[in-house]
Amino acid sequence: MTTFRDHLLAGKTAFVAGASSGINLQIATRLALAGASVTILSRSPDKIEAAAAGIRAKGAACIGIAQDVRDHDGVGLAFQRAAAEFGPIDIIVSGAAGNFVAPFNSISYNGFRAVIDIDLVGTYNVLRQGFPHLRTPGASVINISAPQSFHPYPMQAHVNAAKAGVDMLTRTLAIEWGSSGVRVNSIIPGPIADTEGMARLAPTPEAEAASARSVPLQRLGTKDEVADLAVFLVSDAARYITGAVMPVDGGLSLMGVGRVG
Ligand code: NAP
Ligand code: COA
């Protein structure tokens with residue numbers, strides 16, 4: 001795990017939704033280590049405060065806000081608090097997500113709605129409420145998507161539909177917000193080791209090994225490898241990149257997925 005510190009994002013502010021654990025927490029940590037002041041948000045007060053304290057313990061500025069991304073007004077209040085604490089926002093990462101494995105005919109109305117509401121409507125809430133607080137021109141938005149957005153994984157109808165919608169939001173807003181000088185991109189992580197997402201999709205060592213074998217580079221990715229791409233995308237080095245849907249997946253996106261059943 002990268003622990004180096006630099007000044008790439010000194011003076012910047014970031015808001016990372018869904019960052020009490022996993023990939024998004026690592027992204028938030030790396031933005032903080034690069035000098036950004038970071039607000040992180042997720043549902044559980046205990047988890048988000050522990051995550052924020054962990055980032056502060058590295059000497060960075062960070063506050064944690066307990067908020068469900070499904071609550072449109074609550075997300076707005078979270079942005080107000082972030083802007084009051086750290087000033088206008090340069091970077092938004094929207095990555096809150098929910099997943100479970102089930103065939104379409106076993107996904108109840110509430111189950112389908114839960115995933116669509118967290119992943120897709122939650123992204124709408126974060127971007128819609130976040131935009132007025134962005135420092136423009138120059139701000140940068142990253143949506144955390146998934147390979148399900150373009151490969152139809154069986155047992156993942158809800159996630160497939162939600163993440164496809166997230167990437168279409170990325171492309172649409174790259175056009176609409178371009179004249180404001182705001183860049184919008186998606187990151188598509190492949191199978192990432194030591195995450196809740198992998199635990200749900202590949203719950204046994206055998207399933208995890210099979211997942212690694214399905215990747216051209218023959219291994220799972222790391223959270224830091226996803227964070228590397230996030231740091232690049234929000235940096236000045238990516239200043240002409242917008243509307244991109246970028247995999248960091250060891251080549252998985254080149255492969256077909258799936259078998260039926
Ligand atoms: P994770 O650790 O479970 O991260 C999900 C985060 O979202 C947690 O911080 C969770 O915290 C938060 N969250 C969930 N529902 C929320 C809600 N309604 N409102 C606010 N926050 C909410 O999972 P992960 O595996 O690292 O996944 C992170 C992102 O990467 C997701 O967008 C996922 O789709 C994407 N991804 C992961 C993989 C992988 O291999 N793991 C592959 C492709 C894409 P609380 O429970 O406290 O709310
Ligand atoms: N199979 C089928 N249905 C399931 C399910 C499963 N494994 N897990 C949950 N559901 C259904 C529930 O039964 C419920 O439907 P019902 O009311 O018709 O019974 C519905 O989904 C909502 O579940 P609930 O637990 O009330 O929702 P929630 O909002 O508290 O949680 C989830 C949302 C279900 C997505 C939960 O898994 C979650 O919070 N995930 C966040 C972490 C995560 O998924 N990380 C990986 C990111 S890739």
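For ligands, and for the atoms within them, numbers begin at 1 and follow the listed sequence.
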Side-chain donor/acceptor of Arg183 to backbone N/O of Leu233, under 3.5 Å: yes

Neighbour count >12 (heavy atoms, 6.0 Å) for atom CZ, Phe232: yes

Among Asn110, Ile23, Asp119, closest by any non-hydrogen atom to atom 22 (C) of ligand 2: Asn110

Same apolar cluster (I L V M F W Y, side chains within < 4.5 Å links), Phe15/Ile40: no

Part of Lys163 with heavy atoms under 4.0 Å of ligand 2, whether side chain, backbone, both or neither: neither

Exercise: identify the closest heavy-atom pair between Ala32 and Ile55: CB-CG2, 3.6 Å

Heavy-atom pair with the smallest gap, counting every atom of His151 and Asn160: O-OD1, 3.9 Å

Under 3.5 Å: N/O of Glu196 near N/O of ligand 2: no

Atom 24 (P) of ligand 2: any protein heavy atom closer than 4.0 Å: no

Sub-4.0 Å protein heavy atom next to atom 18 (O) of ligand 2: yes

Protein residue, atom and distance nearest to atom 29 (O) of ligand 2, heavy-atom basis: Arg70 NH1, 2.8 Å

Heavy-atom donor-acceptor pair, Asn185 side chain to Ala244 backbone, under 3.5 Å: yes

Atom 40 (N) of ligand 2 protein-contacted (non-hydrogen atom, under 4.0 angstrom): yes

Protein contact of atom 47 (C) of ligand 2 - nearest heavy atom, named by residue and atom, plus distance: Ala97 O, 3.8 Å

Atom 2 (C) of ligand 2: nearest protein contact (heavy atom, Å): Phe100 CE1, 3.4 Å

Closest protein heavy atom to atom 36 (C) of ligand 2, given as residue, atom name and distance to 0.1 Å: Arg200 NH1, 4.0 Å

Heavy-atom protein neighbour under 4.0 angstrom from atom 8 (N) of ligand 2: yes

Rounded distance (nearest 0.5 Å) linking atom CD1 of Ile142 with atom OG of Ser94: 11.0 Å

Closest protein heavy atom (residue, atom, distance) for atom 44 (O) of ligand 2: Asn99 N, 2.9 Å

Nearest-0.5 Å distance that lies between atom CD1 in Ile187 and atom CG in Asn143: 9.5 Å

Exam field: side chain Asn99 to backbone Arg200, donor-acceptor pair closer than 3.5 Å: no

Residue pair Ala161 / Phe112: nearest heavy atoms and the distance that separates them: CB-CZ, 4.4 Å

Near ligand 1, at a heavy-atom separation below 4.0 Å: residues by chain and residue number: Gly18, Ala19, Ser20, Ser21, Gly22, Ile23, Asn24, Ser42, Arg43, Ser44, Lys47, Gln67, Asp68, Val69, Arg70, Gly95, Ala96, Ala97, Ile118, Ile144, Ser145, Ala146, Pro147, Lys163, Pro189, Gly190, Pro191, Ile192, Thr195, Glu196, Gly197, Met198

Protein contact to atom 15 (O) of ligand 2 [nearest heavy atom, distance to 0.1 Å]: Ser108 OG, 3.1 Å

Nearest non-hydrogen protein atom, atom 35 (C) of ligand 2: Gly98 CA, 3.6 Å

Modelled atom types, side-chain donor and acceptor of Thr170 and Ser186, under 3.5 Å: yes

Location of contacts on Arg43 toward ligand 2, heavy atoms closer than 4.0 Å: side chain

Ring centers of Phe100, His158 separated by less than 6.0 Å: yes

Test item: protein heavy atom less than 4.0 Å from atom 4 (C) of ligand 2: yes

Ala66 to Arg43 - nearest heavy-atom pair and separation: CB-O, 3.7 Å

Distance from atom 33 (C) of ligand 2 to nearest protein heavy atom, with residue and atom: Ile118 CD1, 3.9 Å

Residue pair His72, Tyr124: steps toward the ring-ring contact (aromatic ring centres under 6.0 Å, His included) verdict: CA-CA 9 Å; His72 184 71; Tyr124 163 83; 5.7 Å; yes

Distance (rounded to the nearest 0.5 Å) between Arg70 CZ and Asn125 CG: 11.0 Å

Geometric N/O contact Ser106 with ligand 2, under 3.5 angstrom: no

